[in-house]
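First the structure, in the form of structure tokens, and then the observations on it.
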Amino acid sequence: MIRTRFAPSPTGFLHVGGVRTALFAWLLARQAKGHFILRIEDTDRTRHVEESEQHIMECLKWLGLEWDDGPYRQSQRLDLYKEWGKKLVQAGRAFADPYSAQELEELRTGAVNAHQPFLYRDYRPKNPTSWDGSQPLRFKSEPKAYSWRDEVMGKLKSVPEAIDDFILIKSDGFPTYNFAHIIDDHLMKVSHVIRSQEFLPSVPKYLNLYEALAIERPKLATLPYVLAPDGQTKLSKRHGAKDILDYRREGYLPEALINFLATLGWHDGTNQEIFSIDELIEKFSLERVQRGGAKIDEKRLDWINGHYVRQKPIDELYELSKDFWPSSAKNQTVDYKKSVLTVVQERLKHCSELSALTNFFFEDLAIDLSLIDDNKQLSSLGRHKQTSLLEAAIEKLAQGDFKPKDLADKLNNLLSETGQPPAVLFSLIRIATTWAPASPGLAETLSLLGRDRTIERLQKSIAALNSGP
RNA sequence: GGUCCCAUCGUCUAGUGGUUAGGACGCAAGGUUCUCAUCCUUGUAACGGGGGUUCGACUCCCCCUGGGAUCACCA
């Protein structure tokens, strides 16, 4: 039975790097019809952020990464770690650390000054006092060379110098990550430990601990870093990382983010770029995970998101985009907004653009003559010609049912009657009825605006042209 | 500094000894009766360097360089 876990520490918001780790673990579990476990690693009381746990779960839920087991909290399992710590003491593989923080620091700086690597085991106490739970409990390592297989990285090896004594349980009674995750993975029957690359240098220590504990080692899969968009440093809260929920706030679709994350460091080997969740579950494999880090490319995310937005049935898209309408749309009917949405759907990359793309459907934008004067063809017409063309438009458009088909016909008639090319006539009408830098097709736009508003805006524009410079 | 990991277009990647080094994003140009976007077409651009192994290396080995991580009573 495949059992994977996501084990974040509740120290702040979740970002792309963390979520990708969760996604890969989730995909592996789903693919094998196994279990995906959520475990909160809250063993550092000083860095604990109260709302963080809720935040983590909200992110996972939004993305659809539902867990089958948990959430476990390590802070509620202290007795377990203590019990396993005692086993190690009895086996002679752990001892109470007698050094104070200051003493340790002195040993360390001494080694550094002597240009020697610091290894605790060189200073291991001869006759440690028995462990009563108030001192830190330290692992007594048995340094040796290891070679092992990582599900992503392949063959890995290490030298004995990579292994040292380390703290299992802190003096406050909480275990360290190094100890707790080993115990928990064992007790929770985790089959694949999937985690980010930063733990790689510690793996030899873990291998040594598995042996001392005489427990079976799960499969290890090391994921490369997700890199910040600009530099080449790993993504972190200090460097370029964005709260996952910010993506939701900006109108990104969960399936788009999943698709983006999955193909950031993984690829199925074909030319396929767009993967549904089900396809990912079917096709994902640790073998094909990249070994080098991958930078976040926001442009690519936008492209993927745009793809999903364009695919969305209009009713669904409407539900998703509810928060993104301009404030002037507040009192408009659902039907009208859906019509507007239909017309702008294909130019929407994410929902937060909705307001800027549609505001002129709900309010009169400020008249900005530079839209006309900066256009060579339009400005060369001169004010008189401009206004006479708009007047002709009013006359023509005043009749008819104002449906897009009817408007298209009328606009075409107008072309031949005025002898103007579309680049002139349509541009002029489009600007005079929207005063927006861009809009959907002219006939659709006018139809949605309706006869009254169209005529009114044309008249206002004529007036502005006549009184303007 | 010790240890460990990594290395193909700007970015994400395909490639597993013989390819015109492929795709996608981006960017540029053109087309689709106006703009913006979509869509289509075309273009742009890469194997870090040096040694080997081999008839033949992007592919295998070594060295260098570069990048990153880690050396906590943080995870």
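Numbered from 1 within each chain, the chains take letters A, B, ... in sequence-line order.
Within 4.0 Å (heavy atoms only), A:Thr11 reaches no atom of the nucleic acid at all. Residue contacts shown for A:Thr263 are limited to sugar-phosphate atoms, with no base heavy atom under 4.0 Å away. Among the heavy atoms of the strands lying under 4.0 Å from A:Asn412 is at least one base atom, whether or not backbone atoms are also near. A:Pro224 comes within contact range of no nucleotide atom at all, as no heavy-atom separation falls under 4.0 Å. Contact annotation for A:Gly265: backbone-only contact, meaning every heavy-atom pair under 4.0 Å involves sugar-phosphate atoms and none involves a base. When heavy atoms are screened at a 4.0 angstrom cut-off, A:Glu273 is found touching base atoms of the nucleic acid. Residue A:Arg291 is in sugar-phosphate contact alone, with no base atom involved, counting any heavy-atom pair closer than 4.0 Å across all strands shown. At a threshold of 4.0 angstrom between heavy atoms, the contacts of A:Ile296 with the nucleic acid are absent. Residue contacts for A:Ser9: at a heavy-atom cut-off of 4.0 Å it reaches the sugar-phosphate backbone alone, with no base atom in range. Nucleic acid contact class of A:Phe260 (heavy atoms, under 4.0 Å, all strands): none. Residue A:Arg195 is out of contact with every strand shown, counting any heavy-atom pair closer than 4.0 Å. No contact: A:His115 has no heavy atom under 4.0 Å from any strand.
Using atom P as the reference point in both B:rC47 and B:rC9, the two lie 7 Å apart (nearest Å). When the P atom is compared between B:rG66 and B:rG48, the two are found 15 Å apart, to the nearest whole Å. Taking the C1' atoms as reference points, B:rU53 lies 37 Å from B:rU44, given to the whole Å. Taking the P atoms as reference points, B:rC61 lies 25 Å from B:rU20, given to the whole Å. Comparing B:rG26 with B:rG67, their P atoms sit 30 Å apart, to the nearest whole Å. Straight-line distance between the C1' atoms of B:rU8 and B:rA45: roughly 12 Å, to the nearest whole Å. Taking atom P in both B:rG10 and B:rG49, the straight-line distance is 13 Å, to the nearest Å. For B:rG68 and B:rG50, the P atoms lie 24 Å apart once the distance is rounded to whole Å.
The interatomic distance linking A:Ile431 (CD1) with B:rC36 (P) rounds to 11 Å, in whole Å. When rounded to the nearest whole Å, the span between CD1 of A:Ile372 and C1' of B:rU35 equals 13 Å. Taking atom CD of residue A:Gln345 and atom C1' of nucleotide B:rC36, one finds them 16 Å apart after rounding to whole Å. Atom CG of A:Asn259 and atom P of B:rC12 are 17 Å apart (whole Å). Taking atom CG of A:Asp164 as the reference point, atom P of B:rU70 lies 18 Å away to the nearest angstrom. As a whole-Å value, the separation of A:Leu223 CG from B:rA75 P is 21 Å. B:rA72 atom P lies 15 Å from atom OH of A:Tyr99, rounded to whole Å. Atom CG of A:Leu220 is separated from atom C1' of B:rC5 by 14 Å (rounded to the nearest Å).
OP1 or OP2 of B:rA72 sits under 4.0 Å from a side-chain N or O of A:Arg108. The phosphate of B:rA14 has OP1 or OP2 within less than 4.0 Å of a side-chain N or O from A:Gln290. Between B:rG15 and A:Arg288, a contact under 4.0 Å exists linking OP1 or OP2 to a side-chain N or O. Distances shown here put every side-chain N or O of A:Lys234 at or beyond 4.0 Å from the OP1 or OP2 atom of B:rG68.
Between the side chain of A:Asn305 and the backbone N or O of A:Lys349 there is at least one donor-acceptor pair closer than 3.5 Å. Remark: side-chain polar atoms of A:Ser447 are not paired, donor with acceptor, to backbone N or O of A:Ala443 under 3.5 angstrom. Not a single donor-acceptor pair under 3.5 Å links the side chain of A:Asn259 to the backbone N or O of A:Glu255. For the pair A:Glu106 (side chain) and A:Glu103 (backbone), a donor-acceptor distance under 3.5 Å is absent.
In the set B:rC6, B:rC73, B:rC34, B:rC34 carries the atom at the smallest distance from any side-chain atom of A:Phe426. The side chain of A:Ser427 has B:rC34 as its nearest neighbour among B:rU70, B:rC73, B:rC34. When each of B:rU33, B:rC36, B:rA75 is scored by its nearest atom to the side-chain atoms of A:Thr43, the top-ranked nucleotide is B:rA75. Distance from the side chain of A:Ala438 is smallest to B:rC36 among B:rC36, B:rC6, B:rG23. When the nucleotides B:rC73, B:rU35, B:rC34 are ranked by their closest atom to the side chain of A:Lys170, B:rC73 comes out on top. Nearest to the side chain of A:Asn271, among B:rA72, B:rG68, B:rG23, sits B:rG23. When distances run from any side-chain atom of A:Pro201 to the nucleotides B:rU13, B:rA72, B:rU70, the shortest one goes to B:rU70. Distance from the side chain of A:Tyr177 is smallest for B:rA75 among the nucleotides B:rU38, B:rA75, B:rG15.
Pair assignment for B:rC71 gives B:rG1, based on Watson-Crick or G-U wobble hydrogen-bonding distances that are each under 3.5 Å. Remark: B:rA21 base-pairs with no nucleotide; criterion is Watson-Crick or G-U wobble with both hydrogen-bond distances under 3.5 Å. In this structure, B:rC27 forms a base pair with B:rG43, meeting either the Watson-Crick or the G-U wobble geometry with both donor-acceptor distances under 3.5 Å. The base-pairing partner of B:rU54, taking Watson-Crick or G-U wobble contacts with both distances under 3.5 Å, does not exist among the strands shown. Judged by Watson-Crick or G-U wobble contacts below 3.5 Å, the nucleotide B:rC34 has no partner.
Along RNA chain B, the nucleotide nearest to A:Leu200 and the one nearest to A:Val424 differ in position, and the one closer to the 5' end is contacted by A:Leu200. The residue among A:Ser100 and A:Arg310 whose nearest nucleotide of RNA chain B is located toward the 5' end is A:Arg310.
A perpendicular orientation is assigned to the rings of A:Phe275 and A:His267, their planes being inclined by more than 60° (bins at 30° and 60°).
We find the CZ-CG distance between A:Phe260 and A:Asp302 to be 9.0 Å, quoted to the nearest 0.5 Å. Note that CZ of A:Arg47 is 12.0 Å distant from CG of A:Asp42, once rounded to the nearest 0.5 Å.
The residue from A:Trp84, A:Tyr81, A:Tyr210 that alone fulfils the ring pair (Phe, Tyr, Trp, His ring centres under 6.0 Å) condition with A:His186 is A:Trp84.
Salt bridge A:Glu353/A:Arg347: absent, no basic N to carboxylate O contact under 4.0 Å. In summary, A:Lys86 and A:Glu83 do not engage in a salt bridge, as defined by a charged side-chain N under 4.0 Å from a carboxylate O.
No donor-acceptor contact under 3.5 Å links the side chain of A:Asn375 to the base of B:rU35. In this model, no side-chain donor or acceptor of A:Thr176 finds a partner on the base of B:rC73 within 3.5 Å.
Contact check of residues 358-367 of chain A against RNA chain B (heavy atom, cut-off under 4.0 Å) returns no residues at all.
Counting only N and O atoms by type, the side chains of A:Lys283 and A:Gln272 include a donor and acceptor under 3.5 Å apart.
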